[in-house]
2 protein chains.
Amino acid sequence: MKLRQIETFVAVAEHGSFRRAAELLHRSSSAVSVHVRQLEDELGLPLLERTTRRVVLTAAGRTLLARCRSALADLRSVAQDLKEEAALGCGRVSIGCAPSVSMYRLPPILAAFQEAHPGVTLQLHECFAQRMYHDVLEHVTDFAIGPRLPGLKDFAFRPILLDPVVAVLPYARPWRGRSSVRLDELAGLPLVSMTRDSAMRIQIEQAFRAQGIPFEPRFEVVHHQTLFSLVENRLGVTLLPRISVPARKGDYVVAELCEPAIARELCLISLNGQKLSPAAQRCAEMVVSGLRARAAALKAVTE
Amino acid sequence: MKLRQIETFVAVAEHGSFRRAAELLHRSSSAVSVHVRQLEDELGLPLLERTTRRVVLTAAGRTLLARCRSALADLRSVAQDLKEEAALGCGRVSIGCAPSVSMYRLPPILAAFQEAHPGVTLQLHECFAQRMYHDVLEHVTDFAIGPRLPGLKDFAFRPILLDPVVAVLPYARPWRGRSSVRLDELAGLPLVSMTRDSAMRIQIEQAFRAQGIPFEPRFEVVHHQTLFSLVENRLGVTLLPRISVPARKGDYVVAELCEPAIARELCLISLNGQKLSPAAQRCAEMVVSGLRARAAALKAVTE
DNA sequence: TGCCATTACGCCGGGCGTAAGAATC
DNA sequence: GATTCTTACGCCCGGCGTAATGGCA
């Protein structure tokens, strides 16, 4: 069975004439006749009832027509779709992202991308490291934004920025005006934190233990925003990756943690040895440069 | 774009190797290589990332693979399906049928057909003439069983039987033992009839008028069975096409109407100049012979 | 160096058009 | 007899395999 034969058969069936089909396809009617006969021979069934005056589909012809039409149309549209996809006219970009990043920083970047390429469908999977890496491996996502995990050789890492842990402190003495804070200064202060056991929180706990300071959160909350409300109401302090701190200043102080400084490297994570789709590539560029620009702006303000 | 190229591409993509694809397809690897290159050239996009050690799909390749696989599978299965359909292994037969016929006579015939060809899906459209003819014309049904209508040249009619109108009378004097009845004998008797204005009922009304007998049903009912219950309870008599009278004898007399005799020709109705599908053909045969056999048996009993 | 994809080249089959034939109205 | 599908025939393109080339480990 060849695509040409099917194409010819469909044309004949739709126009009820070998002659007209031949005209439309810019072929001789002998070619058309042969194509149809070949199909019939291969299937062992008559597809068309021919009189010299009229050509009518047999039952087999009708079912063949119906199924071939859809298959043909599908194949034809693929070419067009792929070209549009390459031109960023359409396509789908699926992104895995750590919650800390997707919380504030990512959305405006995605919005910019969406505006530049309205034909592309964006999908965001907010998840923690394990799921994130799994999704990239399985092509569930095209790429991910998250912490670099060691010992994984199937992945390509492109560093985006170093995300330091900051303390969020009440806008009051002695914190007002501070841009950095030592961990031991926080000893004894009431801690508030998320209940979720993210990799970051584990890293912070370890830092507390290493300094001999107990990590005993006074409040454990589900919603990120609640942390800030608690701090603003002077109920405690919290430690967070800076990137998850809203840009809009609130009634609190954000001071970078030092001694020990804790930071994680945020990377663009993709599959090793595989090019991204044009749309994904463009999107990844915008994400990387967008996140870096924000980080640079923040650093400038701090210094 | 040719089917072979797609086939080759799919094989390469699925096995991640030109060499293995060539083996599976019983082709040289040069042919495989050329096919893929031709596809890429035609689409203007790379489909596979090749290193000598590994072959990986590009994004475009992935979407092409997904869509081609389904289209290919669809085309492949068509051949098989058509052959099975020709062998009555599967397929669909859609039948239009007058309610009088489908009420009692048709179901056992369809059951026999279904038993003989369990793979074939049967569909029954019970409807009156106009719809019935329309459905045949539009290929909604393969054929129909109903009255012959004059002046329609797109249809082929195959007479099945002449269906006479019979009177259904109380099993009591003076009807007991009667096998025929004149219309004037019914004058003055309470009539029961269906509310539905079928062509048959109109024909019967005309016969009444022609004889100068008023057609004023005492009861008009919705359910066919009710007619018989009314007659059995001596509340009236009714006139019906014989074919819609149940075979199982009840507490009533069935007498053929004569003077005037009213009958309609029941036909197998199909499209002129079009062969039925094998399954439909077989089914039509069984329906025709089944209906004729029943009619012959009835006539034998009556005589 | 060995494996694998690619390129080069020549052969052969198959698809196409032209032209003659058959069938239907 | 006109129109339309079919068959016959010959040309030529294109697909295939063999063999040589080039890359990556």
A/L266 CG to A/I160 CD1 distance, which is reported to the nearest 0.5 Å:
6.5 Å
Between C/dG15 (C1') and A/E42 (CD): distance, integer Å
15 Å
Whole Å only: how far is the CZ atom of B/R19 from the C1' atom of D/dC24?
17 Å
N/O contacts under 3.5 Å, protein versus nucleotides 16-19 of chain D?
unit_1: D/dC16; atom_1: OP1; unit_2: B/R4; atom_2: NH1; d: 3.1
unit_1: D/dC16; atom_1: OP2; unit_2: B/H35; atom_2: NE2; d: 2.9
unit_1: D/dG17; atom_1: OP2; unit_2: B/S28; atom_2: N; d: 2.7
unit_1: D/dG17; atom_1: OP2; unit_2: B/S28; atom_2: OG; d: 2.9
unit_1: D/dG17; atom_1: N7; unit_2: B/S30; atom_2: OG; d: 3.3
unit_1: D/dT18; atom_1: O4; unit_2: B/S30; atom_2: OG; d: 3.2

Please check if any side-chain donor atom of A/S77 sits under 3.5 Å from a side-chain acceptor atom of B/R67, or the reverse.
yes
What integer distance in Å separates A/E40:CD from D/dT6:C1'?
12 Å
Classify the nucleic acid contact of B/Q5 as base, sugar-phosphate or nothing, counting any heavy atom under 4.0 Å across all strands shown.
nothing
Atom pairs under 3.5 Å, N or O on each side, protein against nucleotides 22-25 of chain C: can you list them with distances?
unit_1: C/dT24; atom_1: O4'; unit_2: A/T52; atom_2: OG1; d: 2.8

Minimum heavy-atom distance A/A295-A/L161, with the two atoms named
CB-CD2, 3.7 Å
OP1 or OP2 of D/dC5 less than 4.0 angstrom from a side-chain nitrogen or oxygen of A/R37, does that happen here?
no
B/L25 atom CG is separated from D/dG15 atom P, nearest whole Å, by 16 Å
Separation of atom CZ in A/F18 from atom P in D/dC5, rounded to whole Å
7 Å
Quickly work out the A/K2 NZ to D/dG14 P distance and round it to whole Å.
14 Å
In terms of side-chain heavy atoms, does A/R264 have a donor or acceptor partner in A/S100 at a distance below 3.5 Å?
yes
According to a strict under-4.0 Å criterion, is A/Q38 in side-chain N/O contact with OP1 or OP2 of C/dG14?
no
In a check of side chain to side chain donor-acceptor pair (under 3.5 Å) between A/E7 and each of A/H35, A/R76, A/K2, which one passes?
A/R76
Are any side-chain N or O atoms of A/T8 and backbone N or O atoms of A/R4, one a donor and one an acceptor, separated by less than 3.5 Å?
yes
Just checking, any donor-acceptor pair under 3.5 angstrom between side chains of A/Q281 and A/E285?
yes
CD1 of B/I243 to CE of B/M200, rounded to nearest 0.5 Å, is 11.5 Å
Length of the line joining B/E49:CD and D/dG23:P, which is rounded to integer Å
17 Å
Check each of A/L106, A/T141, A/I145 against A/L124 using the side-chain contact (heavy atoms from CB on, under 4.5 Å) test, and report the only one that passes.
A/L106
Any Lys/Arg nitrogen of B/E40 or B/R50 sitting under 4.0 Å from an Asp/Glu carboxylate oxygen of the other?
yes
Pick one: which of B/F155, B/F128, B/F143 meets ring-ring contact (aromatic ring centres under 6.0 Å, His included) with B/Y133?
B/F155
Atom NE2 of B/H15 and atom P of C/dC4 are separated, to the nearest Å, by 15 Å
So does B/S17 get a side-chain nitrogen or oxygen closer than 4.0 Å to the phosphate oxygens (OP1/OP2) of C/dA5?
yes
So, applying side-chain contact (heavy atoms from CB on, under 4.5 Å) with A/C68, which one of A/I6, A/T63, A/L3 is it?
A/I6
Find the bend of the helix from C/dT1-D/dA25 to C/dC25-D/dG1 as the angle between its two terminal axes (five pairs each), to the nearest 10°.
30°
